[in-house]
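Given the structure is predicted, the values throughout are model-derived calculations rather than measurements.
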Amino acid sequence: MRISSYGIIAVCLVIIAVALAGCTFNKTIGTTTTSSGSSGSSSSSGQSSSASATAATCPAVTAATSWTGDWDAFASHNFCDDLRKAFYPPSTDNPDPWTGVRGNGVGITLPITFTQTACDVTGSAKIKETGCPITFTGTVDKTGALSGTWKAYCDISFESTSTAGNPTSDNGVFNLNMEPGGSTFIGEMMHNDPDSMQSKPKECPNGNSNFVGKRG
């Protein structure tokens with residue numbers, strides 16, 4: 001059977017069309033792969049930028065700004081107590097304000113060791129009066145303030161006038177500010193139970209100084 005010249009031309013056109021479709025398909029896959037690769041590269045760059053931003057959210061760690069070190073600390077059982085008096089200048093009536101505050105019998109003495117890595121801080125302490133261990137876990141913000149949570153292996157009482165007699169707790173929150181010279185801190189340590197959180201704004205809304213410390 002003879003095939004006309006028109007038939008031969010039609011077959012050739014079909015073959016060429018199939019070949020061109022294959023090339024287009026392969027190029028599309030290649031473009032998709034390349035695009036995906038580029039997208040992955042951009043994502044990695046974004047993650048690096050995010051990590052850099054996170055690392056820059058606290059002050060550069062220097063000898064004056066680092067929380068790392070041993071601290072002699074004291075926390076009053078009354079979360080409304082103002083212990084800034086521990087750093088008052090000595091006077092005839094009160095020759096050693098720090099010792100006077102610690103010896104008032106209404107708090108716990110806490111020799112603490114803090115370790116700071118970037119913006120993260122961990123701490124360990126033992127209550128001098130009982131030997132009870134306490135751990136601290138916190139983060140330093142852009143102002144240099146340290147805040148986080150504490151966990152004790154015993155029950156501790158932090159109370160104000162209205163919360164007196166409430167059950168004690170073995171965990172809570174803390175917030176600390178270091179003075180510019182880096183040798184002392186002042187802040188608060190308390191339970192994070194609903195009763196305390198509701199009582200504090202009523203009794204001492206500006207209270208934030210029942211927890212003080214100085215470098216050992």
Checklist entry - Is any side-chain heavy atom of Phe211 less than 4.5 Å from a side-chain heavy atom of Leu83? => result no
Next on the checklist: Tyr153: which residues meet the ring pair (Phe, Tyr, Trp, His ring centres under 6.0 Å) condition with it, sequence neighbours left out?
Outcome noted: none
Checklist entry - Could you go step by step and tell me if Val140 and Gln116 meet the side chain to side chain contact (heavy atoms under 4.5 Å, CB included) rule? => result CA-CA 9 Å; Val140 178; Gln116 180 175 353; 3.8 Å; yes
Next on the checklist: Distance check, rounded to the nearest 0.5 Å: Leu176 atom CG versus Leu146 atom CG?
Outcome noted: 5.0 Å
Next on the checklist: Looking at His191 and Gly172, would you say the former's side chain and the latter's main chain have a donor-acceptor pair under 3.5 Å?
Outcome noted: no
Item to check | Partner residues of Thr113 under the side-chain contact (heavy atoms from CB on, under 4.5 Å) criterion, sequence neighbours left out | outcome: Asp70, Ser124
Checklist entry - Listed by chain and number, what are the side-chain contact (heavy atoms from CB on, under 4.5 Å) partners of Ala152, not counting sequence neighbours? => result Cys132, Ile134, Trp150, Cys154, Ile156
Item to check | Any side-chain heavy-atom pair of Leu110 and Phe74 under 4.5 Å | outcome: no
Checklist entry - Donor-acceptor pair, Lys200 side chain versus Gly207 backbone, under 3.5 Å? => result yes
Checklist entry - Any donor and acceptor pair, going by atom type alone, linking the side chain of Glu129 with main-chain N or O of Gly131 inside 3.5 Å? => result no
Checklist entry - Taking only residues two or more places apart in sequence or in another chain, which ones pass side chain to side chain donor-acceptor pair (under 3.5 Å) with Asp155? => result none
Item to check | Shortest non-hydrogen separation from Trp98 to Gly213 and the atoms involved | outcome: CH2-CA, 3.8 Å
Next on the checklist: Could you check whether any side-chain heavy atom of Asp170 comes within less than 4.5 Å of a side-chain heavy atom of Lys151, counting everything from C-beta outward?
Outcome noted: yes
Item to check | Listed partners of Lys85 passing salt bridge (charged side-chain N to carboxylate O under 4.0 Å, His left out), at least two apart | outcome: Asp81
Item to check | Stepwise side chain to side chain contact (heavy atoms under 4.5 Å, CB included) test for Thr109 and Arg102 | outcome: CA-CA 7 Å; Thr109 306; Arg102 295 200 330 171; 3.6 Å; yes
Checklist outcome for this item: Across all chains, not counting sequence neighbours, the side-chain contact (heavy atoms from CB on, under 4.5 Å) partners of Thr143 are Asp141, Ala145
Checklist outcome for this item: Separation between CZ (Phe79) and CE (Met190), nearest 0.5 Å, reads 4.5 Å
Item to check | Counterpart residues, side chain to side chain donor-acceptor pair (under 3.5 Å), relative to Thr68 (two or more places apart) | outcome: Ser66
Checklist entry - Would you say the side chain of Phe158 lies within less than 4.5 Å of the side chain of Ile108, judging by non-hydrogen atoms? => result yes
Side-chain donor-acceptor contacts of residues 181-189 below 3.5 Å, not counting sequence neighbours, with atom names and distances?
unit_1	atom_1	unit_2	atom_2	d
Ser183	OG	Glu179	OE2	2.6
Glu188	OE2	Asn175	ND2	3.2

Checklist outcome for this item: Those residues at least two apart in sequence (or on a different chain) that pass side-chain contact (heavy atoms from CB on, under 4.5 Å) with Asp120 are Thr139
Next on the checklist: Does Phe174 form a ring pair (Phe, Tyr, Trp, His ring centres under 6.0 Å) with Phe136? I'd like the steps, not just the answer.
Outcome noted: CA-CA 9 Å; Phe174 71 95; Phe136 295 83; 5.3 Å; yes
Checklist entry - Taking only residues two or more places apart in sequence, or in another chain, which ones meet Thr115 in a side chain to side chain donor-acceptor pair (under 3.5 Å)? => result none
Checklist entry - Should Val121 and Val61 be regarded as members of a common hydrophobic cluster, given that ILVMFWY residues are connected when their side-chain heavy atoms come within less than 4.5 Å of each other, either directly or indirectly? => result no
Next on the checklist: Tell me which pairs pass salt bridge (charged side-chain N to carboxylate O under 4.0 Å, His left out) where either residue lies in residues 60-69, with sequence neighbours left out.
Outcome noted: none
Next on the checklist: Please say yes or no: joined through hydrophobic side-chain contacts below 4.5 Å, possibly via intermediate residues, are Tyr88 and Val101 part of one cluster?
Outcome noted: no
Checklist outcome for this item: Shortest non-hydrogen pair, Pro97 vs Ala86, comes out as CB-O, 3.6 Å
Next on the checklist: Tell me which pairs pass side-chain hydrogen bond (donor to acceptor under 3.5 Å, both in side chains) where either residue lies in residues 207-216, with sequence neighbours left out.
Outcome noted: Asp82-Ser209
